[in-house]
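Only this structure's heavy atoms are used, side chains among them; waters, hydrogens and symmetry mates stay out. All values derive from a computational prediction rather than experimental measurement. Just so it is clear: chains get the letters A, B, ... in the order the sequence lines come, proteins before strands, and each one is counted from 1.
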Amino acid sequence: MKVRVRFAPSPTGGLHLGGVRTVLFNYLFARAHGGDFILRIEDTDQGRFVPGAEQYIMDCLTWCGLEPDESPVKGGPHMPYRQSERKAMYQQYAQQLVAAGYAYYAFDTPEEIETMRTAHRKDEHSHAQYDGNTRMHMKNSLTLPEATVQQLLADKTPYVVRIKVPANTTVTLNDMIRGEVSFDSSLVDDKVLLKADGMPTYHLAVVVDDYLMQITHAFRGEEWLPSAPVHVLLWEYLGWKDQMPQWAHLPLILKPDGNGKLSKRDGDRLGFPVFAMNWTDPKTNEVTAGFREIGFMPEAFVNMLAMLGWNDGTGQEVFSLKELTEKFAIERIHKGGAKFDYEKAKWFNHQHIQRTDDQTLARLARPFMEAKGITADEALLVKVAGLIKDRCTLLPDFYTQGHFFFATPEVTEMAAITEKWNAQKQAFFEGWSAALATQANADAAALEASFNEHVQQHGLKKGDVMLPLRIMLVGGKYGPGVFAIAELIGITETINRITAVLRSI
RNA sequence: GGCGUGUUGGUCAAUCGGUUAAGACGCCUCCCUUUCACGGAGGAAUGACGGGUUCGAUUCCCGUACAUGCUACCA
């Protein structure tokens, strides 16, 4: 049977790190087994629907290089891929469950349910939930006479359909990551399957769609494990038990300090992105930072996520997406959650930058240069990228480490020159820059030779004037070799920068 | 509270009963570098606790502790 997996996000906002990792594991598993990766939009909660979120999610997948084989826009053999457009199917199966006695209508108002809960919470050992212990005291088709139920239905009284979870049985599932996990059904509540607005809840929708779309392996976050018995029961009640996908509940990505799931708030608080790409809340216009915009390469981002909960056992940490698809093995996924480490994340990006050719780097860096007002010549940008890549961790570093190749820098460390300035140095720079004007050979070695010669003529030591020269050309105490810089900006610009600084001393 | 899941250095982690318990990030020291980095060489730092099983437990089992997830007509 062909492997089919799916990522099923709800379009409610930014795409979280953990979500991307779930996508990644789905994708890798599909590729490793020659299977299909499906994107399904779980937009069953009309109250939480956010316009633009669906497109945003797809853009994130595109950026990461994790394109689905079937999706709402791409289509596929199981259209539609948006649950809101599949409403009728869920209703049909909900009716089937009711008819078979596996589910029932419930007419309780939210207030009535709340009353039941508060009443039961007082009792130490109560479950305080709508379940086998309480359902017979509520307003539903199990407790009401058939005629009353029919009347209520005919009167269009709002109702939900709930699963009737059996008492005293053990529901077991075999998780690919955790092995056998079992639950006492008496402790599982009668989850709502169909809401009053006619939409299914996740519980019904995930089972129906996984069945209809012939999903063979279902990856999701560990937070879903407690509701897994409901899903297993549904597969059984719908008569599809032998086609139930294999479950894999992924460990959580935790916040760096303390414990708990990593949230958008943690990113804001600690100063790093949590979403794959910038997300703008359409209501408030508030922008939440994304890894793309802060300057991560997609491959580094994906690599970093893969290593959060998985490794190949060899100690190798840097992988291309292609290598990951070749080496990924679900057996090596961890059970425990991993704390997110932003420093390590940046290290991954640095590693990928070093492994990327200069042309590609120039292409990646360009938007960040342009955002700072620098329109760089392509050939020069490629050379600069190669020259400074080892001191770049994030893509914007190509600007901070290389802007002076493209525009005369502001001298921010003038003090480093003036502190030890004297007439001798003044004479040296005046003399050397004048000599440069007639120098034909502009390569770094020739420039340095000329420099050395003049240093001697003026009775100086090279070390006396190297730093001043750097400040003149770069503006600060950083950057690659000074003569390499002089070569790339050219003799004329070198002279100009020296002259400008001499004038301001 | 109940139920589920988890627990090797500060963090990511290897180990599939026998090791001086890898490696990486970060941190510290030194080297290289007439700047800043890269790079190189070192260093500090780990099996939550208590019982078993075993000739031998980080590894298997059971408790305890701690952490975390869930307990919505949200996913």
Would you call A:Asp257-A:Arg269 a salt bridge at under 4.0 Å N-O? yes
Could you list the donor-acceptor pairs under 3.5 angstrom formed between side-chain atoms of residues 47-54 of chain A and any protein atom two or more places apart in sequence or on another chain?
{"residue": "A:Glu54", "atom": "OE1", "partner": "A:Arg82", "partner atom": "NE", "Å": "2.8"}
{"residue": "A:Glu54", "atom": "OE2", "partner": "A:Arg82", "partner atom": "NE", "Å": "3.2"}
{"residue": "A:Glu54", "atom": "OE2", "partner": "A:Arg82", "partner atom": "NH2", "Å": "2.8"}

For atom C1', what is the distance between B:C12 and B:G47, given to the nearest Å? 16 Å
Report all interatomic pairs (protein N or O, nucleotide N or O of nucleotides 43-48 of chain B) with separations under 3.5 Å.
none

So what's the dot-bracket for RNA chain B: Watson-Crick or G-U pairs under 3.5 Å, [ ] if a pair crosses, | if it pairs off-strand? (((((((..(((.....[....))).(((((.......)))))....(((((..]....))))))))))))....
Separation between the C1' atoms of B:G10 and B:G52, rounded to whole Å: 33 Å
Residues which pass ring-ring contact (aromatic ring centres under 6.0 Å, His included) with A:His203, listed by chain and number, not counting sequence neighbours: A:His231
With a 4.0 Å cut-off, would you call A:Glu487 and A:Lys383 a salt bridge? no
Do A:Arg162's NZ or CZ and the ring of A:Tyr130 fall within the cation-pi criteria of under 6.0 Å and 45°? yes
What interatomic distance, in whole Å, is found between P of B:G50 and the corresponding atom of B:U29? 37 Å
For A:Trp310 and A:Phe25, I'd like to know if the aromatic rings sit close, meaning centre-to-centre distance below 6.0 Å. no
A:Ala345 vs A:Lys461, nearer the 5' end of RNA chain B by closest nucleotide: A:Ala345
Using the C1' atom as the reference point in each nucleotide, state the distance between B:C16 and B:A22 in Å, no decimals. 15 Å
Pair listing, ring-ring contact (aromatic ring centres under 6.0 Å, His included) test, anchored in residues 165-190 of chain A, at least two apart: none
With B for base contact, S for sugar-phosphate-only contact and - for none (protein heavy atoms under 4.0 Å), nucleotides 8-14 of chain B reads ---SSSS
